[in-house]
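Whatever order the structure lists ligands and atoms in, that order sets their numbers, starting from 1.
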Amino acid sequence: MEERMKAEEKKIGIVEAWLRKHRLQFTGAIRHPFVLSIRDGSIDMASFKTWLAQDYLFVRAFVPFVASVLIKAWKESDDGSDMEVILKGMASLEDEISWFKREASKWDVPLSDVAPQQANINYCRFLEKLMGPETQYTEVITAFWAIEAVYQESFAHLLEEGSKAPPELKETCERWGNEGFGQYCQSLLKIATRRLQKASDHQIKRSELALLTVLELEVEFWNMSRVNA
Ligand SMILES: Cc1ncc(CO)c(N)n1
């Protein structure tokens with residue numbers, strides 16, 4: 001069984017094999033009821049505001065995480081172009097933070113006094129663990145790709161045919177659903193795949209676990225928006 005899986009992973013790419021193996025978990029993260037409620041237009045704006053404020057806090061914590069990935073790329077990568085991909089992602093977070101501030105003021109969400117909810121705290125704690133020196137580049141780049149890919153797949157679905165996403169949320173959907181962000185995710189996937197091809201069994205196992213952890217944390221993150229609705 002283990003041998004067959006390995007052959008399969010080689011043929012279609014290890015990450016693709018994981019996504020097949022963990023299809024339910026992946027779908028759970030990218031087709032969450034919160035996202036589907038935007039797509040069918042039934043979204044409760046209180047839920048959206050909760051998500052907006054919590055994601056603003058998340059993105060602020062995401063900046064030092066990406067910085068740590070950049071440092072690991074610089075120290076551990078066998079390919080100098082990794083750093084440029086990560087640097088570009090990091091630079092775009094400045095614009096993202098400004099966007100959150102603008103969007104929050106549009107919806108009268110006071111960002112200065114939002115407290116992180118438990119799911120957010122848990123997610124940021126996981127990021128901090130990945131930032132530590134004991135977590136290797138292969139594992140963190142896999143997690144980084146997964147974090148970005150969940151948002152990309154979720155929001156791209158809201159731009160596809162049949163979406164009844166409210167026009168006032170179009171900008172949000174485009175932020176992560178746009179083609180450029182999709183290509184950026186593909187670049188991260190390429191890096192992760194290249195690293196995984198050379199990784200030890202132990203690192204491969206840890207990276208698969210990191211992917212599963214991201215999927216769980218993303219579901220919990222979306223779930224937060226329902227609590228205060
Ligand atoms: C919770 C969460 N996951 C992923 C992203 C994409 O950067 C984000 N902004 N927030």
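Looking at Glu153 and Arg31, no side-chain N of the basic residue comes within less than 4.0 Å of a carboxylate O on the acidic one, giving no salt bridge. Using a cut-off of 4.0 Å between Lys/Arg side-chain N and Asp/Glu carboxylate O, Asp82 and Lys72 are scored as not salt-bridged. A salt bridge links Asp78 with Arg194: the distance from a Lys NZ or Arg NE/NH1/NH2 to an Asp or Glu carboxylate oxygen falls below 4.0 Å.
Shown in contact with Ile147 at under 4.0 Å from a heavy atom are these atoms of ligand 1, numbered in order with element: 3 (N), 4 (C). Using a 4.0 Å cut-off to heavy atoms of Val59, the atoms of ligand 1 that qualify are 9 (N).
Atom CD of Glu103 is separated from atom CD of Glu168 by 9.5 Å, given to the nearest 0.5 angstrom.
Nearest residue to atom 6 (C) of ligand 1 from Gln152, Glu148, Glu96, Gln54 is Glu148 (criterion: closest heavy atom). Nearest to atom 2 (C) of ligand 1 by heavy-atom distance, out of Phe221, Trp176, Tyr151, is Tyr151.
Assignment of Val150 to the shell around ligand 1 is not supported, since no heavy atom sits closer than 4.0 Å.
Remark: Lys170 NZ is loosely packed, at most 12 non-hydrogen atoms of other residues, nucleotides or ligands lying under 6.0 Å away.
Between Phe62 and Phe58, the ring-plane angle classifies as parallel under the 30° and 60° cut-offs.
For atom 9 (N) of ligand 1, the nearest non-hydrogen atom of the protein is Asp55 OD2, 3.0 Å. Atom 3 (N) of ligand 1 has its closest protein heavy atom at Glu218 OE2, 2.6 Å.
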